[in-house]
Enquirer: 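Got a structure here, written out as structure tokens. Questions coming.
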Amino acid sequence: YQPELLFYNKDPLRGIVWEQAVPPSIALNVPEITLQAQPYFFANNGTYSWSWTMNGAPTSGPDSDRGLLTLRQNGKGQGSTQLGVALQNLSGTQLIQSAQTALSIVYGQKPSGISSFFGI
């Protein structure tokens, strides 16, 4: 299988909500979210490198090297953000494995056709 990454919501009370992956486009209607990027079809042992981007610029957080990133809204503006993450297995004893995924986040408004995933 081809390695892949999926985003999951990490709820403050329930932990990571594994039952449903985050869709590729969401309307953010809460002030803060934590996302878990979960790798599938990677070797279990290896040295991994996480790379996070927001609108193409590198970004990170305290747990971003474990696949977790918390995002907070500042102010009451409207707009959208493209969040990306890539994972690569750097182990010399394993096959070269990598995967990447992206998430479009709309905030301050709820356009039609975009899931209101958080704040349910």
Side-chain angles (χ1 to χ4, degrees):
Y1 292 101
Q2 194 73 350
E4 68 176 316
L5 290 170
L6 294 176
F7 284 116
Y8 292 91
N9 179 29
K10 183 177 180 198
D11 184 87
L13 298 176
R14 298 184 299 157
I16 298 171
V17 182
W18 297 110
E19 294 83 17
Q20 181 180 10
V22 176
S25 295
I26 61 168
L28 184 61
N29 55 8
V30 294
E32 177 181 297
I33 60 168
T34 299
L35 296 170
Q36 169 72 53
Q38 180 63 35
Y40 290 98
F41 312 115
F42 276 81
N44 287 336
N45 53 356
T47 304
Y48 299 101
S49 172
W50 292 91
S51 300
W52 292 85
T53 59
M54 187 172 294
N55 292 332
T59 191
S60 65
D63 296 319
S64 58
D65 61 343
R66 295 185 310 127
L68 285 165
L69 189 67
T70 299
L71 303 171
R72 291 179 188 89
Q73 289 189 75
N74 289 326
K76 298 189 184 267
Q78 295 182 352
S80 65
T81 297
Q82 186 76 15
L83 179 68
V85 64
L87 178 65
Q88 183 166 355
N89 183 349
L90 302 175
S91 176
T93 61
Q94 302 290 327
L95 294 173
I96 297 174
Q97 296 176 310
S98 64
Q100 61 186 21
T101 191
L103 173 65
S104 178
I105 303 170
V106 176
Y107 53 91
Q109 59 188 354
K110 185 178 175 188
S112 61
I114 298 203
S115 298
S116 178
F117 189 79
F118 299 98
I120 297 174

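For clarity, every value in this text was computed on a predicted model and none was experimentally measured. Numbering starts at 1 and runs along the sequence shown.
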Enquirer: Does any part of the side chain of Leu83, heavy atoms only, come nearer than 4.5 Å to the side chain of Leu35, both counted from C-beta?
Expert: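 A side-chain contact exists here, since the closest heavy-atom pair is under 4.5 Å.
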
Enquirer: I want to check something: taking the side chain as every heavy atom from C-beta on, are Leu68 and Thr34 in contact at a cut-off of under 4.5 Å?
Expert: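 Leu68 vs Thr34: side chains touch.
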
Enquirer: Measuring from Leu6:CG to Tyr40:OH, what's the distance to the nearest 0.5 Å?
Expert: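 That separation rounds to 5.5 Å.
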
Enquirer: Same cluster or not: Ile26 versus Val17, using hydrophobic residues (I, L, V, M, F, W, Y) connected whenever any side-chain heavy atoms lie under 4.5 Å apart?
Expert: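 No; Val17 is not reachable from Ile26 via cluster members.
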
Enquirer: Using the test salt bridge (Lys or Arg N to Asp or Glu O under 4.0 Å), find all partners of Arg14 that sit at least two apart in sequence or belong to another chain.
Expert: none

Enquirer: To the nearest 0.5 Å, how far apart are CG in Leu90 and OG in Ser98?
Expert: 10.0 Å

Enquirer: For residues Thr59 and Met54, report the shortest heavy-atom separation together with the two atoms involved.
Expert: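 Where Thr59 meets Met54 most closely, the heavy atoms are CG2-N, 4.0 Å.
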
Enquirer: Without swapping roles, check the side chain of Asn89 against the backbone of Tyr48 for a donor-acceptor pair under 3.5 Å.
Expert: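 Not confirmed, Asn89 side chain does not pair with Tyr48 backbone.
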
Enquirer: As an exercise, state the distance from CG of Asp65 to OG of Ser51, rounded to the nearest 0.5 Å.
Expert: 11.5 Å

Enquirer: Indicate the atoms forming the closest heavy-atom contact of Glu4 with Phe41, along with that distance.
Expert: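 Distance-wise, the nearest heavy atoms are OE2-CE1, 3.5 Å.
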
Enquirer: Is the closest side-chain heavy-atom distance between Pro3 and Phe42 below 4.5 Å?
Expert: yes

Enquirer: What are the two closest non-hydrogen atoms of Ser25 and Leu103, and how far apart are they?
Expert: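 Here Ser25 and Leu103 meet closest at N-CD1, 4.2 Å.
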
Enquirer: Tell me whether Gln38 at atom CD has more than 12 heavy atoms from other residues, nucleotides or ligands lying less than 6.0 Å away.
Expert: yes

Enquirer: Which pair of heavy atoms, one from Trp52 and one from Ser64, lies closest together, and at what distance?
Expert: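 Looking at all heavy atoms of both residues, the closest pair is NE1-O, 3.0 Å.
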
Enquirer: With rounding to the nearest 0.5 angstrom, report the OG to CD1 distance, Ser80 to Ile105.
Expert: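 Answer rounded to 0.5 Å: 9.5 Å.
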
Enquirer: Taking side-chain contact (heavy atoms from CB on, under 4.5 Å) as the definition, give me every residue that meets it alongside Thr53, ordered by chain and number, with sequence neighbours left out.
Expert: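 Thr53: no side-chain contact (heavy atoms from CB on, under 4.5 Å) contacts found.
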
Enquirer: Any side-chain heavy atom of Leu69 within less than 4.5 Å of one from Phe7?
Expert: no

Enquirer: Starting at CD1 of Ile33, measure out to CG of Leu71 and round the result to the nearest 0.5 Å.
Expert: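 Separation between the atoms: 5.0 Å.
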
Enquirer: Can you name the closest pair of heavy atoms from Gln73 and Gly108 and give their distance?
Expert: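 Result for this residue pair: OE1-N, 4.3 Å.
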
Enquirer: Is Gln100 reaching over with its side chain to a backbone N or O of Ala86, donor-acceptor style, under 3.5 angstrom?
Expert: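 No; zero donor-acceptor contacts below 3.5 Å.
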
Enquirer: Which heavy atom of Leu5 sits nearest to which heavy atom of Ala99, and what is that distance?
Expert: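 Minimum heavy-atom separation between Leu5 and Ala99: CD1-O, 3.6 Å.
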
Enquirer: Would you kindly confirm whether Val30 and Leu13 end up in one hydrophobic cluster when ILVMFWY residues are joined by side chain heavy atoms under 4.5 Å apart?
Expert: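 Result: no, two separate clusters.
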
